[in-house]
A.B. asks: 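Could you have a look at this structure, given as structure tokens, before my questions?
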Amino acid sequence: MSTQTGTTRPSKVTTQTIVEMKQNGEKISMLTAYDYTMAQIIDQAGIDIILVGDSASNVMAGFETTVPITLDNMIYHTSCVVRGVDRALVIADLPFMSYQVTPKEALISAGRMMKEAGAHAVKMEGGKSITSTVKKIVDAGIPVMGHLGLTPQSIYKFGTYKVRAKEEQEAEMLIEDAKLLEEAGCFSIVLEKIPASLAEKVSNEISIPTIGIGAGVGCDGQVLVIHDMLGMNKDFSPRFLRRYADVHSVMTDAVRNYIKDVKSKDFPNSEEQYSS
Ligand code: KIV
């Protein structure tokens, strides 16, 4: 496939492709998906990476945080997505408490995600504290994406979803964490809700790609939650979100029209039924 920069790359996106895109100065596009149909649409539209995020806990299961979703839930969502994808790289979040206890347990969780769900890579939140875990998983042949800045699995520690690393000390720690994750073998890192200048600095100081959400244009790629960018969640409007559609209105109108047609006996008409 020919890219915007005129280079060619194999049609299937791999972790190597992603790293090469940074080297070639091509921005990386990533969106979340949690089911077969959505994954098929996004993949066929040409997205580079599909993230089966633990945001499934919020947008699919209706929980307030990402804490309750289980590894079995994430394996189910990931297997649905994988069946819908031909080209994109599929990365699955390891959920809260499936990798924090010991590196051995983390490897078992990551292994299940690859073998049972068919994921191409896993993502984990955290910096210095997870580097030995990252090494163990990467050594077993499983690619790992890191996640720094706002890490929603730690919401009860932070207490808020506000922008992280505005203070110099936390910003310096984040840069150090990014370098440690690269050293440990991560092929890429998500930077969530941090100042744009800091994200740009991190992106310049490491050779693996950064994927930003609420982290500005200096990142090597961008990610959004699909429900948010399609305008399915009317009540969620953070500053970083750009809505590309108003699917909430489209769906509401369609359902209202259907109800009206059923009640008025307009649906089904003679062409929408079978004769004997
Ligand atoms: O779970 C998720 O959707 C994520 C993205 C916001 C990066 O981790």
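For ligands, and for the atoms within them, numbers begin at 1 and follow the listed sequence.
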A.B. asks: Tabulate below the donor-acceptor pairs under 3.5 Å that side-chain atoms of residues 157-167 make, not counting sequence neighbours, or state none.
C.D. replies:
| residue | atom | partner | partner atom | Å |
| --- | --- | --- | --- | --- |
| Thr160 | OG1 | Lys162 | N | 2.9 |
| Arg164 | NE | Glu170 | OE2 | 3.1 |
| Arg164 | NH2 | Glu170 | OE2 | 3.2 |

A.B. asks: Side-chain donor-acceptor contacts of residues 229-242 below 3.5 Å, not counting sequence neighbours, with atom names and distances?
C.D. replies:
| residue | atom | partner | partner atom | Å |
| --- | --- | --- | --- | --- |
| Asn233 | ND2 | Asp228 | OD1 | 2.6 |
| Ser237 | OG | Arg243 | NH2 | 3.4 |

A.B. asks: Check Asp177 with Lys128, please: is the shortest side-chain N to carboxylate O separation under 4.0 Å?
C.D. replies: no

A.B. asks: Is the shortest side-chain N to carboxylate O distance from Asp220 to Lys22 below 4.0 Å?
C.D. replies: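 A salt bridge is present here (some side-chain N lies under 4.0 Å from a carboxylate O).
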
A.B. asks: What side-chain donor-acceptor pairs closer than 3.5 Å can you find for residues 251-259, not counting sequence neighbours?
C.D. replies:
| residue | atom | partner | partner atom | Å |
| --- | --- | --- | --- | --- |
| Thr252 | OG1 | His248 | O | 2.6 |
| Asn257 | ND2 | Asp253 | O | 3.3 |

A.B. asks: With a 4.0 Å cut-off, would you call Arg112 and Asp72 a salt bridge?
C.D. replies: yes

A.B. asks: Where does ligand 1 get N/O contacts under 3.5 Å from the protein, atom by atom?
C.D. replies:
| residue | atom | partner | partner atom | Å |
| --- | --- | --- | --- | --- |
| ligand 1 | 1 (O) | Asp54 | N | 3.2 |
| ligand 1 | 1 (O) | Asp54 | OD1 | 3.0 |
| ligand 1 | 1 (O) | Ser55 | N | 3.0 |
| ligand 1 | 1 (O) | Ser55 | OG | 3.2 |
| ligand 1 | 1 (O) | Asp93 | OD2 | 3.2 |
| ligand 1 | 3 (O) | Ser55 | OG | 2.5 |
| ligand 1 | 8 (O) | Lys123 | NZ | 2.9 |

